[in-house]
Amino acid sequence: MVPLSTKLLACMMVLLAVCAAGITFSIRQLVGSYLLQKTDTQLAEQAQLVYDNIDVLRNKDSSEQGSVGPNDYFMQIRDTDNRILNTPLVPVMREDVISMPRLPADGSMGDVKIGEPFTTSSEVRATNGSSVSRSTLQAASAPWRVLALSWGKKTADGGAQIQGVIYIGLSLNDQIDTVNTLTKYCTLVSIAIVLVGAVIATVLIQSTLAPLKRIEKTAAKIAAGDLSQRVPSAPENTEVGSLAASLNTMLARIEHSFNEQQETTEKMKRFVSDASHELRTPLAAIHGYAELYTLQRDMPGALERADESISHIEASSARMTVLVEDLLSLARLDEGRGIDITQQVPITAQVNDACDDLHALDPQRGITKGVLQLRHGGENQGTWLSFSPDDLPQVTLTGDGSRLRQVITNIVGNIHRYTPPDSPVEVGLSVLSASIAPNQLSHLASNGKGLTSFLEAAEVGQSLGTGIPYAVIRFADHGPGVPEASQSQIFERFYTADPSRARQKGGTGLGMAIAQSVVKAHRGLVSATTTPGGGLTLTVILPLDPAQTAAPAKPGCPAAGLEQAGSRGRKPKNDRRRKDKNPQAGRK
């Protein structure tokens with residue numbers, strides 16, 4: 001393949017050569033036509049003068065045998081029958097060379113028309129019989145420009161009596177020599193222009209293609225596996241700058257996608273390994289107790305030992321069943337199946353039920369319900385959510401009721417497993433309008449940074465009075481908490497802050513992964529942050545159906561569409577029928 005710079009240089013040289021040749025040809029044609037037209041004008045205007053001064057011109061030619069010039073005319077006189085009467089003017093050149101135009105034969109007019117100049121070849125004769133130089137012979141061989149005119153005499157009545165035809169001519173040697181000289185000059189100039197243009201074009205092409213060379217080198221490094229490379233930037237109002245900007249954007253997305261793919265692959269490998277390990281434990285227990293029963297069934301007291309073995313086998317199989325169900329649930333969520341987000345879900349009732357469950361599990365635990373309000377403490381303090389003890393406002397959103405209940409149940413189950421049974425818990429619920437789309441919200445990080453981004457968007461929405469309404473649910477415990485560096489890991493599959501205790505409590509390490517998948521399927525966000533004073537705070541943010549936020553807000557609530565839970569909106573505790581009082585979820 002020919003390099004692009006070579007192609008451009010070759011095209012530039014061909015273009016310059018074609019232009020130079022075109023200009024040279026145009027100048028040659030223009031000057032030739034001009035000189036020929038000038039000769040025709042000279043013949044027409046000076047024909048009478050030449051005829052009147054035949055003797056003077058003849059004496060001049062006989063006394064000075066110079067080269068043919070503008071005044072060196074040829075003249076031949078014929079009668080009305082085109083018979084030659086006389087040839088009074090015949091120019092004689094150097095070395096006694098005679099050059100005459102080739103005219104129609106004696107007694108014939110041929111194709112010649114009166115008053116119309118024509119070009120004809122020459123007849124050359126050497127009078128002295130000696131050799132003739134090449135330059136003289138070349139000058140004598142030049143064609144002639146001839147004009148045929150009628151001649152006669154005036155009559156008494158003022159008319160004219162035609163007596164014949166006069167042929168008057170001039171050699172085109174000087175015109176041809178002028179045109180040839182001009183052509184040679186233009187050719188030399190054209191060659192110089194093409195060479196200089198080639199040098200200039202080479203410099204310009206190299207400087208213009210220099211950014212492309214840098215792009216080529218960067219592409220080679222990227223092809224070698226270094227996805228962090230970026231194309232050197234250039235002004236975006238240029239083609240190369242626009243290309244560089246587009247390539248950098250594409251490379252950033254490719255690198256991000258590649259990193260995500262690598263991260264997903266690593267997570268998948270870790271997931272398969274952890275799943276195999278988690279499934280191996282109950283299977284090993286089942287196999288071990290089955291073998292123990294086989295060995296001891298013929299020994300005294302076999303019935304009691306059989307009951308104990310069966311009990312352990314049932315416990316292990318139940319744990320394995322929970323694990324398999326969680327894995328199946330995650331697989332369905334990953335495929336976008338197993339969830340229906342078109343239901344009207346009374347989220348307040350689900351939160352109240354979860355608080356009752358937690359109270360049933362830990363009767364000595366203090367559970368405080370309240371509303372959340374957006375606070376802003378200036379540039380240094382930022383934006384945060386404040387908690388005010390109160391009854392939970394009634395909030396209904398569009399989603400999958402059973403899946404959202406699973407999210408809240410998993411969070412409450414984690415609090416039960418990993419915090420002291422007498423540590424307090426604050427549960428807050430409110431609606432905030434934020435200037436962020438649900439699709440953007442679901443891509444935020446599940447940590448303090450993601451929550452801060454939402455709160456900033458909520459501050460903008462509150463200040464402008466616009467935005468999309470979101471339900472914000474917050475569970476804040478005061479247990480041992482999770483280090484800030486590990487908070488984003490609690491949503492990874494099979495991650496447990498305390499594996500030994502998780503196994504004692506029945507945790508699988510999949511609860512928070514399921515919760516995150518469900519929330520993301522609802523285009524929401526779940527984030528983990530540190531509770532002030534110690535502990536872990538989990539905040540769930542879910543988009544609402546705007547039609548559900550049209551009711552007037554109770555004073556003190558931060559968003560419209562909330563109705564204070566009262567005796568009419570709250571179910572009596574003794575009327576609730578809950579099948580599951582032991583939510584199963586792994587601590588994240």
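Note that the structure is a prediction, hence the values are computed from the model and not measured.
Distance check, rounded to the nearest 0.5 Å: CD1 of Ile191 to CG of Leu16 gives 13.0 Å. If you take CG on Asn248 and CZ on Arg253, they are separated by 12.5 Å, rounding to the nearest 0.5 Å. Atom CD in Gln516 sits 8.5 Å away from atom CG in Leu525 (nearest 0.5 Å). Residue Asp477 holds its CG atom at 7.5 Å from CG of Leu538, rounded to the nearest 0.5 Å. Atom CG in Asp357 sits 11.0 Å away from atom CG in Asn352 (nearest 0.5 Å). In this structure, SG in Cys186 is found 4.0 Å from CD1 in Ile27, a value given to the nearest 0.5 Å.
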Mind running side chain to side chain contact (heavy atoms under 4.5 Å, CB included) on Gln262 and Asn259 for me, showing each step along the way? CA-CA 5 Å; Gln262 281 189 324; Asn259 292 335; 4.0 Å; yes
Determine whether Val518 and Asp400 satisfy the following criterion, side chain to side chain contact (heavy atoms under 4.5 Å, CB included), listing intermediate values before the conclusion. CA-CA 9 Å; Val518 172; Asp400 190 321; over 6 Å; no
Would Leu35 and Asp174 count as a side chain to side chain contact (heavy atoms under 4.5 Å, CB included) here? Give the steps. CA-CA 10 Å; Leu35 293 178; Asp174 284 350; over 6 Å; no
Could you walk me through whether Thr183 and Val31 pass the side chain to side chain contact (heavy atoms under 4.5 Å, CB included) test, one step at a time? CA-CA 10 Å; Thr183 301; Val31 173; over 6 Å; no
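Of all heavy-atom pairs between Leu397 and Ala471, the closest is CD2-CB, 3.9 Å. Residues Ile339 and Ala521 come closest through the heavy atom pair CD1-CB, 3.6 Å. The heavy-atom pair separating Gly448 from Thr529 by the smallest distance is CA-CG2, 3.6 Å. The two residues Phe454 and Leu432 come nearest to each other via the heavy atoms CE2-CD1, 4.3 Å. The shortest non-hydrogen separation linking Phe491 to Ser446 is CE1-O, 3.5 Å. Minimum interatomic distance between Ala201 and Leu9 (heavy atoms only, all atoms of both residues): CB-CD1, 4.1 Å.
For CD of Gln138, the number of neighbouring non-hydrogen atoms (other residues, nucleotides, ligands) closer than 6.0 Å is 12 at most.
Scored by the side chain to side chain donor-acceptor pair (under 3.5 Å) test, Glu459 finds His376, Thr383 as partners (sequence neighbours excluded). For Phe475, the ring-ring contact (aromatic ring centres under 6.0 Å, His included) test picks out no residue, with sequence neighbours left out. In this view, Thr24 and Ser190 satisfy the side chain to side chain donor-acceptor pair (under 3.5 Å) rule, not counting sequence neighbours. Listed by chain and residue number, Thr537 satisfy the side chain to side chain donor-acceptor pair (under 3.5 Å) test with Thr531 (two or more places apart in sequence, or in another chain). Annotation: salt bridge (Lys or Arg N to Asp or Glu O under 4.0 Å) contacts of Arg230 (sequence neighbours excluded): Glu255. Residues satisfying the side chain to side chain donor-acceptor pair (under 3.5 Å) criterion with Asn439, sequence neighbours excluded, are absent altogether.
At a threshold of 4.5 Å between non-hydrogen side-chain atoms, the residues Pro393 and Val371 count as touching. Counting only heavy atoms from C-beta outward, the side chains of Met250 and Leu247 approach each other to under 4.5 Å. Residues Met12 and Leu204 are not in side-chain contact: their nearest non-hydrogen atoms beyond the backbone lie 4.5 Å or more apart. Leu441 is not listed as a side-chain neighbour of Ile468, based on a closest heavy-atom distance of 4.5 Å or more. Side-chain contact between Val407 and Val526 is absent, with no heavy atoms from C-beta onward closer than 4.5 Å. Put simply, the side chain of Ile347 reaches to within 4.5 Å of the side chain of Ile408, judged on heavy atoms. Between Thr419 and Leu536 there is no side-chain heavy-atom pair separated by less than 4.5 Å. Between Arg403 and Ile341, the closest side-chain pair of non-hydrogen atoms is not below 4.5 Å.
Looking only at distances, no side-chain donor or acceptor of His416 sits under 3.5 Å from a matching main-chain atom of Val412. Under a 3.5 Å cut-off, the side chain of Ser386 and the backbone N or O of Gln373 do form a donor-acceptor pair. The backbone N or O of Val395 lies less than 3.5 Å from a partner atom in the side chain of Thr348, making a donor-acceptor pair. Remark: side-chain polar atoms of Gln229 are not paired, donor with acceptor, to backbone N or O of Lys221 under 3.5 angstrom. Here the side chain of Tyr470 pairs no donor or acceptor atom with the backbone of Gly524 at under 3.5 angstrom. No donor-acceptor distance shorter than 3.5 angstrom exists from the side chain of Gln344 to the backbone of Thr396, with no hydrogens or angles considered. Distance alone, capped at 3.5 Å, is enough to place a donor-acceptor pair between the Asn180 side chain and the Ile176 backbone. Side-chain N or O atoms of Arg474 include one that pairs as donor or acceptor with a backbone N or O of Leu385 at under 3.5 Å. Remark: the backbone N or O of Leu372 is paired with a side-chain donor or acceptor of Ser430 at under 3.5 angstrom.
Checking Thr530 against Gln487 by side-chain atom types alone, a donor-acceptor pair falls below 3.5 Å. Between the side chains of Thr398 and Gln343, no donor N or O sits under 3.5 Å from an acceptor N or O.
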